[in-house]
Structure formats: C-alpha cells, structure tokens
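Some notes on the structure that comes next.
This one's a predicted model, so the numbers in the text were calculated from it and none came from an experiment.
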Amino acid sequence: MAQCVHHLTNKTMRFLQPCRLLILGIWLLVLMVLGFTIQLMGTHCQKSPPQILIALRPLPSPSEQTCRPKSHIVFLKTHKTAGSTVLNMLHRYGDRNSLTFALPQKYQFYYPNLFKHQYVKGYYMKPTYDILCHHMRFNLPEVRKLMPADSFYFTILRDPATLAESSFSYYRSVSSAFKKAPNFTEFIAHPSHYYKPGEKGNQHARNFQWFDLGLNPDTPFNESVAKAGVGGIERTFHLVLLSEYFDESMVLLKEELCWDLDDVVTFKLNTREASTPLEKREVERLRAWNALDWYLYVHFNRTFWEKVERFGRERMDTEVRRLRERRQELAEICLEGSNPVRADQIREEGIRPYQFGKLKILGWVVKRDLEPDTRARCVQMVTPELRYKDILDEKQFPGADIAGSDLSQQGSQ
C-alpha cells in the first residue's frame with residue numbers, strides 16, 4: 001500500500017511541475033504588464049502639471065448652470081480706472097467664443113470726440129456687433145446704431161482724487177493744464193490757475209469720468225445738474241464697477257453676465273510703479289476740483305454696495321476668496337515671479353507693454369516651459385490691449401492693412 005501511495009505521489013508531482021511553470025510564467029507576465037503600466041503612468045504624471053490650467057477649471061456655480069451667458073456687451077472703458085484689465089477679460093472671452101468686436105480704425109474711436117458709429121472699422125459691412133469695449137467718449141444714440149437691443153452695458157469708476165494723481169502722471173505731456181503746472185502739488189493748490197476750458201488735452205485735468213461718459217466737465221456744479229447726469233447714466237448702464245473694489249466688481253460682473261470663474265480671472269495690466277500716497281488735504285482739494293466726478297462716484301459707490309448686500313455679504317466673501325485663489329493658482333502656473341516688471345525685462349515682444357511718456361508701464365513674464373495650449377492661454381492673460389486689439393483686427397479683417405503703426409491713439413488704463 002505504501003509503495004502504491006509513493007508511486008502515486010511521484011506521478012502527481014511529475015504532472016504538477018509543468019503546471020507550476022505555467023503559473024510562474026503567468027505571474028511573470030502579469031508583473032511585466034503591471035510594471036510597464038506604472039512606468040507609463042509615471043511618465044504621464046511628469047508631463048501633466050502644465051495642463052493644470054485646463055484640468056483645474058472650476059465647475060460652474062448653480063446660478064451659472066441655470067442662466068444663459070451674455071454675449072452682447074458694451075463696456076465704456078474710462079481712463080485710469082483699471083479698464084485695461086477689464087478689456088483683457090473681454091478680449092479673451094470674445095476671442096475664445098468667436099464673437100465680433102466693434103473695433104476702432106486705430107486704437108480709440110477718435111477720442112476725445114463723441115463716439116459715432118462711422119468710427120467703427122468696416123461698419124458698413126456688418127449691421128450689428130457682439131462687443132464694443134475700446135476707448136471712446138460715450139454717445140448712446142450712436143452706440144445703439146451698432147449694438148443689439150439686448151446688450152449689457154457696464155463701466156468702471158474710481159475715486160477722482162487718486163484718478164487725478166494717476167492722470168497727472170500719465171497725461172502731463174498732452175494736457176495743457178498739467179504742462180503749465182510745475183508739479184502736481186502746485187496743481188492741487190491752484191488748479192484753476194492752470195486749467196482753461198477747451199484747451200488741448202484738458203479733459204484729463206477735470207471731471208475726467210464725467211467727460212468720458214459724454215457729459216460736459218465744465219458745467220458749474222449744482223446738485224440738480226449732477227443728479228440729472230447720474231440719472232441718465234443709471235438708466236443706461238446695468239452695472240457700474242469700482243476700481244478700488246476690483247475683485248468684488250468681478251464677482252458682480254460674473255453673476256450678471258452668467259460667465260464662469262476663469263472668464264473673469266485677470267492679472268493687473270498697464271500698471272505703473274508705486275506712487276506717493278496723497279495727503280488728506282490733497283484728497284479733499286482734488287475731490288472739490290472734480291466735484292461732478294465726486295458726486296458720480298459717491299452715488300455709484302452707494303449703489304454698488306447695495307448690490308453687494310442683495311448678492312449677500314457672506315456669499316460675496318466666499319466668491320472673492322475663490323477668485324483670488326484661482327488668480328494665485330494661475331499666476332503660479334503662468335508667470336515668472338509674483339510681481340509685474342519693467343518693459344525692458346520682458347523679452348517677448350508680443351506681451352511687452354507700450355510705453356507712453358516718461359512713465360514706466362509694467363508687464364508680466366510668462367514661463368517658457370509650458371505645454372503649448374497652456375502657454376497660449378497664459379500669454380492671452382497678459383497680452384497688452386494694443387497688441388490684443390491688433391490680433392482681433394487680423395482675425396476679423398484677414399489680409400487687410402492693420403492700423404497699428406500709429407500709436408498716437410494709445411490705449412490707457
């Protein structure tokens with residue numbers, strides 16, 4: 001019996017040896033496939049970080065999922081109010097969605113003249129447009145000849161005291177009043193001594209925003225006149241933003257336009273090096289000199305915060321935090337350094353800001369080692385307004401001569 005069992009065991013072992021070899025071979029094959037898969041995943045993971053710009057696009061909020069994005073837009077780009085940053089946002093959105101821009105022949109609509117629909121390049125070829133957003137002196141009847149009836153109108157304002165300081169620095173070479181004054185301190189002390197209505201460039205020197213809105217900046221101030229002007233603006237513009245509360249403004253704009261978060265994330269453009277803060281007395285004098293602008297600003301500051309209250313303070317804080325986190329995230333992906341730099345430090349000509357007068361206008365350096373699609377989007381976010389306008393011009397009028405050689409009608413934030 002023992003011999004039979006021993007014989008059977010030996011026979012079974014001989015039978016199982018090929019099975020063991022087969023099983024071992026299968027395991028080796030599985031391990032090889034697994035190792036190859038891990039290697040591929042590791043390679044993919046090494047290449048994936050630059051794609052974060054696309055992969056981490058935030059999900060739409062509930063309101064964005066239930067409303068329809070607006071694509072007919074009129075933006076009155078006031079001067080020295082962060083308008084260049086807003087313009088970049090509109091350029092990107094319109095470019096990405098193949099919208100048609102009402103473009104100027106050069107860089108502005110024959111400013112400081114009141115806007116006319118004939119100032120739009122190729123206006124005779126197209127009856128209506130999607131976006132009107134470049135520098136003009138506002139003229140509602142003429143705007144309505146071009147833009148659809150359902151267009152969304154918005155603009156942006158700034159405290160006239162700090163605006164005056166910025167305007168003096170930027171436009172000193174073109175404003176008669178500013179050129180006469182030996183310095184800004186002297187202008188603040190005696191503005192009427194240097195300012196004469198109607199002299200060249202003096203729209204920059206008094207009630208600048210009132211002028212951009214198509215109103216008379218030299219009208220003697222009284223509350224009934226100011227109230228009538230503000231009433232007309234309020235009936236025309238669906239939203240008035242404040243440059244001092246830019247992030248809150250973008251949240252309100254996103255809500256009104258039913259856009260995604262990435263659509264309103266921006267980097268500051270057309271900024272200059274830091275200036276000396278104004279003293280309290282200087283602020284008071286400048287607000288008094290620009291009384292119409294100050295009345296305008298006070299009114300729309302109040303209506304702005306009323307809109308914030310209706311939106312919800314807690315909700316606004318949450319949305320502003322999301323916006324800033326996303327901006328920081330994109331800055332880390334796109335930019336070399338966290339601060340803008342002088343133009344001579346930007347080697348890439350297409351994103352180097354135009355330099356006007358003696359001021360040093362700052363810009364951004366985009367990282368080179370990015371995936372092509374990611375880098376293209378990063379470049380769009382820092383492309384100066386004049387360059388982006390030419391890009392849009394080339395797309396809308398392929399093969400035509402681009403009015404880009406004369407920078408006398410420069411864009412300015």
| said: Between S175 and A205 (side chain of the first, backbone of the second, donor and acceptor by atom type, cut-off under 3.5 Å), is there such a pair? | reply: no
| Residue from F178, F168, Y170, Y194 passing ring-ring contact (aromatic ring centres under 6.0 Å, His included) with F184 | F168
| said: Which residue in the set I361, T271, N270 passes side-chain contact (heavy atoms from CB on, under 4.5 Å) when paired with P340? | reply: T271
| Is K116 close enough and on-axis enough to F109, meaning under 6.0 Å and within 45°, for cation-pi? | no
| Test log, rule side chain to side chain contact (heavy atoms under 4.5 Å, CB included), inputs V379 and E348 | CA-CA 10 Å; V379 166; E348 199 168 350; 4.1 Å; yes
| message | Does Y295 form a side chain to side chain contact (heavy atoms under 4.5 Å, CB included) with V298? I'd like the steps, not just the answer. | response | CA-CA 5 Å; Y295 187 93; V298 169; 6.0 Å; no
| message | Looking at A164, is its backbone amide N or carbonyl O close enough to the side chain of N290 to form a donor-acceptor pair, meaning the two atoms are under 3.5 Å apart? | response | no
| Any chance NZ of K360 has more than 12 other-residue heavy atoms, nucleotides or ligands included, within less than 6.0 Å? | no
| said: I want to check something: taking the side chain as every heavy atom from C-beta on, are V120 and L103 in contact at a cut-off of under 4.5 Å? | reply: no
| message | For I346, is there any backbone N or O sitting under 3.5 Å from a side-chain donor or acceptor partner on R352? | response | yes
| request: For salt bridge (Lys or Arg N to Asp or Glu O under 4.0 Å), just list the numbers for E306 and R302, CA-CA rounded to whole Å, side-chain angles, deciding distance to a tenth of an Å, and then say yes or no. | output: CA-CA 6 Å; E306 287 173 357; R302 177 177 57 79; 3.0 Å; yes
| Going by atom types only, do S169 and S166 share a side-chain donor-acceptor pair under 3.5 Å? | no
| query | Quick one: do R387 and E349 make a salt bridge, cutoff under 4.0 Å? | reply | no
| query | Any sub-3.5 Å donor-acceptor pair from R206's side-chain atoms to W289's backbone N or O? | reply | yes
| Under 3.5 Å, is there a donor-acceptor pair linking the side chains of S84 and E385? | yes
| Just how far is it from atom CG of L163 to atom CG of L286, taken to the nearest 0.5 Å? | 10.0 Å
| request: Measure the spacing between OG1 of T162 and CG of D159 and express it to the nearest 0.5 Å. | output: 4.5 Å
| said: Assess the residue pair R368 and E336 against the criterion (salt bridge (Lys or Arg N to Asp or Glu O under 4.0 Å)); give the C-alpha distance rounded to whole Å, side-chain angles, the decisive distance to 0.1 Å, and a yes or no. | reply: CA-CA 9 Å; R368 288 283 184 180; E336 295 282 2; over 6 Å; no
| Are any of the side-chain nitrogens in K367 or E332 under 4.0 Å away from the carboxylate oxygens of its partner? | no
| query | Between CG of L157 and CZ of F208, what distance do you get to the nearest 0.5 Å? | reply | 12.5 Å
| query | So, K106 and D393, do they make that salt bridge, N to O below 4.0 Å? | reply | no
| field | D218 and Y195 side chains, donor-acceptor separation under 3.5 Å | value | yes
| message | Could you walk me through whether M147 and T128 satisfy the side chain to side chain contact (heavy atoms under 4.5 Å, CB included) test, starting with their C-alpha distance in whole Å, then the side-chain angles of each, then the deciding distance to 0.1 Å, before giving a yes or no? | response | CA-CA 5 Å; M147 299 304 295; T128 59; over 6 Å; no
| message | Is it true that, when you exclude Q118 itself, more than 12 heavy atoms of the residues, nucleotides or ligands shown sit nearer than 6.0 Å to its CD? | response | yes
| said: Using the rule given for salt bridge (Lys or Arg N to Asp or Glu O under 4.0 Å), can you reason through E165 versus R172, listing the C-alpha separation, both sets of side-chain angles and the distance that settles it, and then say yes or no? | reply: CA-CA 10 Å; E165 187 278 327; R172 192 173 185 189; over 6 Å; no
| said: Is it the case that the side chains of Y388 and D95 hold a donor-acceptor pair, with the cut-off being a distance below 3.5 Å and no angle test? | reply: yes
| task | Indicate whether the side chain of Y171 and that of Q203 have a donor and an acceptor atom separated by less than 3.5 Å. | result | no
| request: Report yes if some heavy atom in the side chain of V74 is under 4.5 Å from a heavy atom in the side chain of F237; otherwise report no. | output: no
| query | Do you know which of F154, F75, F152 makes ring-ring contact (aromatic ring centres under 6.0 Å, His included) with H238? | reply | F152
| query | Between the side chains of H299 and E234, is a donor N or O closer than 3.5 angstrom to an acceptor N or O? | reply | yes
| query | Between Y129 and Q396, is a side-chain hydrogen bond (donor to acceptor under 3.5 Å, both in side chains) present by the stated rule, with each step listed? | reply | CA-CA 12 Å; Y129 295 82; Q396 289 186 198; over 6 Å; no
| field | R137 NZ/CZ over F211 ring centroid, <6.0 Å and within 45° of normal | value | yes
| request: Could you tell me whether R96 and D263 have a side-chain N and a carboxylate O separated by less than 4.0 Å? | output: yes
| task | Determine, for R326 against E329, whether the closest basic-nitrogen to carboxylate-oxygen distance falls under 4.0 angstrom. | result | yes
| query | Salt bridge or not for R287 and E282, using N-O below 4.0 Å? | reply | no
| request: Test ring pair (Phe, Tyr, Trp, His ring centres under 6.0 Å) on W305 and Y245 and set out the steps. | output: CA-CA 10 Å; W305 292 107; Y245 302 98; 4.9 Å; yes
| request: Identify whether the distance between the nearest side-chain nitrogen and carboxylate oxygen of E142 and K145 falls below 4.0 Å. | output: yes
| query | Any ion pair linking R313 and E309 (charged N to carboxylate O, less than 4.0 Å)? | reply | yes
| field | Atom pair NE2/OG1 of H190 and T185 - distance to nearest 0.5 Å | value | 11.0 Å
| task | Measure the acute angle between the ring planes of Y123 and H117, then classify it against the limits of 30° and 60° as parallel, tilted or perpendicular. | result | perpendicular
| said: Quick test of your reading of the model: are E248 and R321 salt-bridged, counting only N-O distances below 4.0 Å? | reply: no
| Does a side chain donor of either Y107 or D390 reach within less than 3.5 Å of an acceptor in the other side chain? | yes
| message | So, taking the atom named CG in L76 and the one named CE in M136, what distance separates them when rounded to the nearest 0.5 Å? | response | 5.5 Å
| task | Decide yes or no on salt bridge (Lys or Arg N to Asp or Glu O under 4.0 Å) for K307 and E255, but give the supporting numbers first. | result | CA-CA 11 Å; K307 290 179 185 292; E255 183 74 8; over 6 Å; no
| Are R322 and E325 within salt-bridge range, i.e. N to O under 4.0 Å? | no
| task | Give a yes or no on whether a salt bridge exists between K77 and D212, defined as a side-chain N under 4.0 angstrom from a carboxylate O. | result | no
| request: Find out whether L239 and L253 are in side-chain contact, i.e. whether some heavy atom of one side chain is under 4.5 Å from a heavy atom of the other. | output: yes
| Hey, are S71 and D130 close enough side-chain-wise for a donor-acceptor pair under 3.5 Å? | no
